[in-house]
2 protein chains.
Amino acid sequence: MTVVNILFDQSQIFWQKQKMAKTIQKRTLKTRARLIAAAKEIISQNGFEAMRVEEVVLRAGTAKGTFFAHFKDKDALMDLIIGEKINEYLDQMEIQTSPKTSSQMVKTLMPLCEFMTCERYVFDIILRYSGATRIEEIGIIATTFGRQIEIFKIWLESVEFRKDIEADIVAEGIHAFMIQTMALKFCALHNSKSINDRLGPYLKAWLSPEC
Amino acid sequence: MTVVNILFDQSQIFWQKQKMAKTIQKRTLKTRARLIAAAKEIISQNGFEAMRVEEVVLRAGTAKGTFFAHFKDKDALMDLIIGEKINEYLDQMEIQTSPKTSSQMVKTLMPLCEFMTCERYVFDIILRYSGATRIEEIGIIATTFGRQIEIFKIWLESVEFRKDIEADIVAEGIHAFMIQTMALKFCALHNSKSINDRLGPYLKAWLSPEC
DNA sequence: CTATTAAATTGACCATGGTCAATTAAAGGA
DNA sequence: TCCTTTAATTGACCATGGTCAATTTAATAG
């Protein structure tokens with residue numbers, strides 16, 4: 001009530017934003033943690049695709065409605081869990097020394113690519129969440145993509161690569177080829193080549209064109 | 001029965017394929033046509049996302065089960081309708097003269113890109129179906145992607161572009177940048193640039209690098 | 001024309017994600 | 001300690017895609 005009254009004369013938009021600032025009870029955090037833990041448990045046992053909201057709330061000992069009070073929908077929780085995992089891979093990438101060649105780059109990217117394509121379902125979620133249509137919808141996965149671009153830009157600083165275009169474009173291109181390569185992994189018509197054999201030539205051609 | 005008996009001693013795999021060869025009644029085609037027409041009607045009135053199986057079978061005058069006897073699932077029908085539309089755009093692209101510059105190329109690609117991103121839902125379906133995991137699952141959209149690559153390769157024949165890598169790779173790259181550009185159109189963080197302003201620089205950098 | 005066989009259709013039923021009015025529990029002031 | 005307010009939870013209920021045993025209809029052999 002206090003928060004509400006203090007802000008009541010502010011603009012509607014500001015007020016909308018501040019609604020988030022309502023006091024959060026301790027049990028909320030516990031409930032949320034239980035839900036996430038239950039989901040992760042299911043995933044570790046049966047994979048991402050096998051996760052069912054019914055099963056999550058059963059294991060967490062809550063009602064179904066509680067799940068949706070904590071997460072907008074099932075996929076929002078997937079975004080959280082997958083995004084967290086992606087961030088772990090990015091952490092690993094950051095503490096390694098920057099790759100100096102395109103094939104080193106592929107090697108460094110490999111663990112992340114492997115995870116992103118560990119299940120068709122996971123890759124679909126990643127694609128869907130990599131760009132959120134509205135700012136409010138931006139989730140963890142969307143932010144990891146921005147982070148990837150930043151990491152690529154740092155790599156590019158310490159290596160000889162094409163200078164005819166700005167680093168942002170180069171970094172975005174690396175990303176585009178990563179996606180393309182992973183998509184083809186699932187493609188029955190084109191999955192004969194490994195990620196390594198495909199991404200390598202792409203990156204070489206993109207980063208060090210020999211015209 | 002005739003077909004079945006004749007082939008009964010063949011290998012299991014061959015037999016599986018030949019199951020498709022069962023005699024098809026005329027009414028089947030009519031029913032199928034009614035279902036597709038009903039779906040297209042809904043789509044033209046309310047968009048792709050608004051299509052409901054219940055509504056389709058209601059308009060087509062069939063039972064729900066009939067729908068799934070004709071299409072593996074709802075998305076298989078979407079694949080059909082969207083894929084058909086993509087092919088129309090590819091037809092248009094083929095009868096035009098090949099673009100000679102990257103900006104001409106963007107202009108030629110624009111109508112297709114606009115359609116593919118006319119709805120978030122449509123783009124999601126296209127991404128999901130662009131690579132089918134199993135050969136049996138390959139649908140129209142998956143084949144249109146192969147067709148796109150072929151068209152790109154023809155374009156590349158009649159124009160000065162980098163020769164340091166094979167045409168297949170170049171064509172696949174065009175495709176990768178198309179996807180990247182369209183994905184960013186839906187991204188709240190990066191949708192300020194138009195498709196034209198983004199795809200142009202990508203293609204220029206990819207097709208005519210100035211090292 | 002009838003019987004037989006297989007194709008096509010049906011609709012009751014299920015699986016699962018998601019909603020919301022009603023209820024319960026926590027937090028803070030008097 | 002009690003009261004008020006609001007946060008949190010609940011579970012019956014809904015929406016929609018999808019299944020399948022039972023039934024109807026078409027095709028064809030005799």
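Each chain gets a letter, A, B and so on, in the order its sequence line appears, and its residues count up from 1.
Checked against side chain to side chain donor-acceptor pair (under 3.5 Å), T143(B) has no partners two or more places apart in sequence or in another chain. Legend: residues meeting salt bridge (charged side-chain N to carboxylate O under 4.0 Å, His left out) with E114(B), ordered by chain and number and at least two apart, are K185(B). The salt bridge (charged side-chain N to carboxylate O under 4.0 Å, His left out) search around K40(A) returns E84(A), not counting sequence neighbours. A search for ring pair (Phe, Tyr, Trp, His ring centres under 6.0 Å) contacts involving F71(A) returns F67(A), not counting sequence neighbours. Every ring pair (Phe, Tyr, Trp, His ring centres under 6.0 Å) that Y89(B) has, sequence neighbours left out, goes to F115(B). With sequence neighbours excluded, no residue satisfies salt bridge (charged side-chain N to carboxylate O under 4.0 Å, His left out) with K85(A). Under the salt bridge (charged side-chain N to carboxylate O under 4.0 Å, His left out) criterion, E41(A) pairs with R59(A), not counting sequence neighbours.
Atom C1' of nucleotide dT9(D) and atom CZ of R27(A) are separated by 6 Å, given to the nearest angstrom. Between L29(A) atom CG and dA8(D) atom P there is a gap of 9 Å when expressed in whole angstrom units. As a whole-Å value, the separation of R34(B) CZ from dA8(C) C1' is 12 Å. In this structure, I125(A) atom CD1 and dG17(C) atom P are separated by 11 Å, rounded to whole Å. To the nearest angstrom, C1' of dA7(D) lies 16 Å from CZ of R32(A). Taking atom NZ of residue K26(B) and atom P of nucleotide dT25(D), one finds them 17 Å apart after rounding to whole Å. When the C1' atom of dT10(C) is taken as reference, atom CG of L58(B) falls 15 Å away, rounded to whole Å.
Between V53(A) and L77(A) there is no side-chain heavy-atom pair separated by less than 4.5 Å.
Defined by atom type and a distance below 3.5 Å, a donor-acceptor pair is missing between the side-chain atoms of E137(B) and Y129(B).
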N/O-N/O pairs, protein side and nucleotides 11-13 of chain D side, under 3.5 Å:
from    : atom 1 : to     : atom 2 : distance (Å)
dG11(D) : O6     : G65(A) : N      : 3.4

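Taking side-chain N and O atoms only, T31(A) has no distance below 4.0 Å to OP1 or OP2 of dA8(D).
Residues of residues 68-83 of chain B having a heavy atom closer than 4.0 Å to DNA chain C, listed by number: A69(B), H70(B). Near-neighbour residues of DNA chain C inside residues 43-57 of chain A, defined by a heavy atom below 4.0 Å, number-ordered: M51(A), R52(A), V53(A).
For residues 146-155 of chain A, the pairs satisfying side-chain hydrogen bond (donor to acceptor under 3.5 Å, both in side chains) are N87(A)-R147(A), D91(A)-R147(A), E94(A)-R147(A), K153(A)-D168(A), with sequence neighbours left out. Residue pairs satisfying the side-chain hydrogen bond (donor to acceptor under 3.5 Å, both in side chains) criterion with at least one member in residues 66-76 of chain B, sequence neighbours excluded, are listed as follows: D75(B)-R128(B).
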